[in-house]
Amino acid sequence: MKLHSDPNTSLNTVTGYGDGYIEVNKTEYAHAVVFGPEGDVARWSPESVEQIDATAMAQLVDLDAKPLPEVLLIGTGNKQRFLAPALLRPLLKAGVGVEMMDSQAASRTYNILMSEDRRVVVALLPG
């Protein structure tokens, strides 16, 4: 599925999503990725929701960096899955909102928040 791209091409935008891939800035990735509006699109270590652990969560947000993102979106593949509260606690304690949804919904939500100049980070597992 192609998503509408943001007219500001200097920002990281999810441009597509499909079976086994995520497309960011018209580049396909067949693995999990994490990124914000600016900077690199980085590989995220888990290959499935079951592999998301404290180490994988630590890759998403540097809690010592300022400013912190307002929200972290986690795309859990083809369907919405929820993570254990213990994995979310450090982020929530630091004031970062965390939302889990299927990766297609997370992609659309990220594009909207990014276009509104919100401090957002998204981590996406391909479906």
Taking the side chain from [X] and the backbone from [Y], do they hold a donor-acceptor pair closer than 3.5 Å?
X: N25; Y: T13; value: yes
X: S45; Y: A56; value: no
X: D53; Y: T55; value: yes
X: Y110; Y: G36; value: yes
X: N111; Y: V14; value: yes
X: D40; Y: A42; value: no
X: R43; Y: H31; value: no

What is the minimum heavy-atom distance between [X] and [Y], and which atoms define it?
X: E38; Y: N12; value: C-ND2, 3.8 Å
X: R119; Y: L68; value: NE-O, 2.8 Å
X: L125; Y: Y17; value: O-OH, 4.0 Å
X: V120; Y: P37; value: O-CD, 3.2 Å
X: A106; Y: G75; value: CB-CA, 3.8 Å
X: L60; Y: L72; value: CD1-CD2, 3.8 Å

Close side-chain approach of [X] and [Y], heavy atoms under 4.5 Å:
X: V24; Y: Y29; answer: yes
X: I74; Y: F82; answer: no
X: V34; Y: L124; answer: no

Same cluster (ILVMFWY, side-chain, under 4.5 Å), V41 and V121: no
Pair E99-T109, side-chain donor/acceptor within less than 3.5 Å: no
Within residues 65-84 or reaching into it, pairs that qualify as side-chain hydrogen bond (donor to acceptor under 3.5 Å, both in side chains) - sequence neighbours excluded: E50-R81, E70-R118
Qualifying residues under side chain to side chain contact (heavy atoms under 4.5 Å, CB included), relative to P126, sequence neighbours excluded: I22, A32
Worked verdict on L63 versus K93 for side-chain contact (heavy atoms from CB on, under 4.5 Å): CA-CA 10 Å; L63 294 176; K93 185 176 179 183; over 6 Å; no
